[in-house]
Amino acid sequence: GIGAAIVDAPIDVDARARAVHQGARVVDVAPLAVADAHGDLPEAVVGGAARGAATLVGGVGAGVAGIASAGGEFESLRTSLGTALGSQKAGGEAFAQVREFAKETPFAVKEVVQAVTTLRVRGLEPTVEAAMEALKTYGDVAGALGKDLPTVIEAVSDASLGEFERLKEAFNVVGHKSGDEIKLTFNGVTTTVKNSSEAITGYLKNIGKENFAGGMELQAKTLQGAW
């Protein structure tokens with residue numbers, strides 16, 4: 001994620017504390033919270049920074065609050081993922097994959113957790129590994145079309161149930177039922193598939209791979225340019 005461009009050196013909280021006591025200027029630590037929204041910082045850094053920074057004096061209250069908030073949100077996301085997957089152990093393992101994915105893409109950890117949860121809970125992907133693989137394609141669609149990841153995943157979920165209203169916005173695909181089949185149109189080309197979740201999501205993945213490959217990288221470069 002783009003957080004890596006913001007924080008690219010180890011953070012020595014104790015050194016900052018010593019600097020305060022010596023009367024030196026303290027660099028604002030708020031960017032830590034921004035970086036960790038994309039999973040760029042080890043949990044030990046987030047937790048250690050929050051505890052160590054709490055002892056600093058003057059001008060860093062907002063930064064401390066931001067770091068503590070990020071750490072608390074991460075714990076909440078990990079717990080909710082564990083609940084969705086049926087065990088906290090599974091949730092912890094999945095959360096590690098989520099953070100790695102977020103580091104390499106323009107999406108925040110929260111977005112990726114929501115996407116994985118939807119894919120697994122609604123039975124669109126059989127395993128967390130399969131869900132993460134699918135996110136590579138759906139993420140490219142989101143990046144290329146300027147959408148957030150949950151919007152694309154919700155459109156996929158709706159389409160798998162035969163509801164195509166959001167598919168046009170998220171994929172530029174128009175779909176409708178035709179007897180026991182589904183007709184899906186992209187760029188003027190209509191494809192007929194079985195009226196099944198597997199067939200519909202398979203079609204959407206193919207559209208993503210063939211037409212939107214590299215979308216996440218493109219969006220990441222655009223965001224980095226804005227910084």
Side-chain angles (χ1 to χ4, degrees), residues 1-8 11 31-50 66-157 160 170 201 204-205 208-209 212-221 223-224:
I2 61 174
I6 300 174
V7 179
D8 56 7
I11 304 299
L32 277 171
V34 176
D36 210 46
H38 287 270
D40 292 308
L41 299 179
E43 293 174 39
V45 173
V46 177
I67 297 169
S69 176
E73 182 179 29
F74 270 30
E75 187 59 35
S76 177
L77 289 171
R78 185 189 356 257
T79 299
S80 67
L81 190 54
T83 299
L85 296 178
S87 80
Q88 291 306 310
K89 180 180 178 180
E93 293 172 351
F95 192 71
Q97 296 183 57
V98 164
R99 294 191 68 183
E100 286 301 314
F101 184 86
K103 288 180 183 179
E104 303 299 327
T105 70
F107 305 116
V109 169
K110 184 176 182 179
E111 289 182 89
V112 184
V113 167
Q114 291 174 343
V116 171
T117 299
T118 298
L119 291 174
R120 286 292 295 117
V121 170
R122 299 184 187 177
L124 299 175
E125 297 296 338
T127 65
V128 170
E129 289 72 22
M132 298 305 302
E133 187 64 28
L135 286 186
K136 295 177 182 178
T137 298
Y138 295 141
D140 276 341
V141 174
L145 298 180
K147 307 295 182 181
D148 61 73
L149 192 55
T151 292
V152 170
I153 299 303
E154 286 295 334
V156 171
S157 178
S160 73
T201 57
L204 295 175
K205 288 176 186 177
K209 292 175 181 177
F212 300 109
M216 289 188 290
E217 182 180 359
L218 177 64
Q219 188 179 78
K221 289 180 179 179
L223 292 172
Q224 287 171 352

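Positions are given from 1 along the sequence. Since we're looking at a predicted model, the values are computed, not measured.
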Colleague: Answer yes or no: is there a side-chain heavy-atom contact under 4.5 Å between Phe95 and Leu85?
Modeller: no
Colleague: Please confirm whether the backbone N or O of Leu119 pairs with a side-chain atom of Glu125, one donor and one acceptor, at under 3.5 Å?
Modeller: no
Colleague: Taking all non-hydrogen atoms of both residues into account, name the closest pair between Pro106 and Gln219 and its distance.
Modeller: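 Distance-wise, the nearest heavy atoms are CG-OE1, 3.2 Å.
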Colleague: Nearest heavy-atom pair of Met132 and Val112: which atoms, and what distance?
Modeller: CE-CG1, 4.4 Å
Colleague: Atom OH in Tyr138, atom OG1 in Thr118: separation rounded to 0.5 Å?
Modeller: 11.5 Å
Colleague: Is there a side-chain contact between Ile153 and Leu135, using heavy atoms and a 4.5 Å cut-off?
Modeller: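 Yes, their side chains come closer than 4.5 Å.
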Colleague: Shortest non-hydrogen contact from Leu77 to Lys110?
Modeller: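 Minimum heavy-atom separation between Leu77 and Lys110: CD1-CA, 3.9 Å.
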Colleague: Which pair of heavy atoms, one from Ser157 and one from Arg122, lies closest together, and at what distance?
Modeller: OG-NH1, 2.9 Å
Colleague: Does Ser76 use its side chain to pair, donor to acceptor, with the backbone of Gly72 at less than 3.5 Å?
Modeller: no
Colleague: Please report the shortest heavy-atom distance between Lys205 and Ala134, naming the atom on each side.
Modeller: CE-CB, 4.0 Å
Colleague: Could you label the plane-to-plane angle of the Phe107 and Phe101 rings as parallel, tilted or perpendicular, counting under 30° as parallel and over 60° as perpendicular?
Modeller: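 Rings of Phe107 and Phe101: parallel, under 30°.
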Colleague: Determine whether Ser160 and Leu124 make a side-chain contact, defined as any pair of heavy atoms from C-beta on separated by less than 4.5 Å.
Modeller: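 With C-beta onward as the side chain, the pair touches.
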Colleague: On a heavy-atom basis, which atom in Asp140 and which in Met216 lie closest, and how many Å separate them?
Modeller: OD1-N, 3.0 Å
Colleague: When rounded to the nearest 0.5 angstrom, what distance separates OG1 in Thr151 from CG in Leu145?
Modeller: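 Between atom OG1 of Thr151 and atom CG of Leu145 there are 11.5 Å.
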Colleague: If only atom types and distance count, is the side chain of Thr83 paired as donor or acceptor with the main-chain N or O of Thr79 below 3.5 Å?
Modeller: yes
Colleague: Report yes or no: does Glu111 contribute a side-chain atom to a donor-acceptor pair with the main-chain N or O of Ala108 at less than 3.5 Å?
Modeller: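 Present.
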Colleague: Rounded to the nearest 0.5 Å, what's the gap from CG on Leu149 to CD on Glu154? Could you check?
Modeller: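 CD of Glu154 is found 10.5 Å from CG of Leu149.
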Colleague: The test is side chain to side chain contact (heavy atoms under 4.5 Å, CB included); show your working for Val128 and Glu93 and say whether it passes.
Modeller: CA-CA 9 Å; Val128 170; Glu93 293 172 351; over 6 Å; no
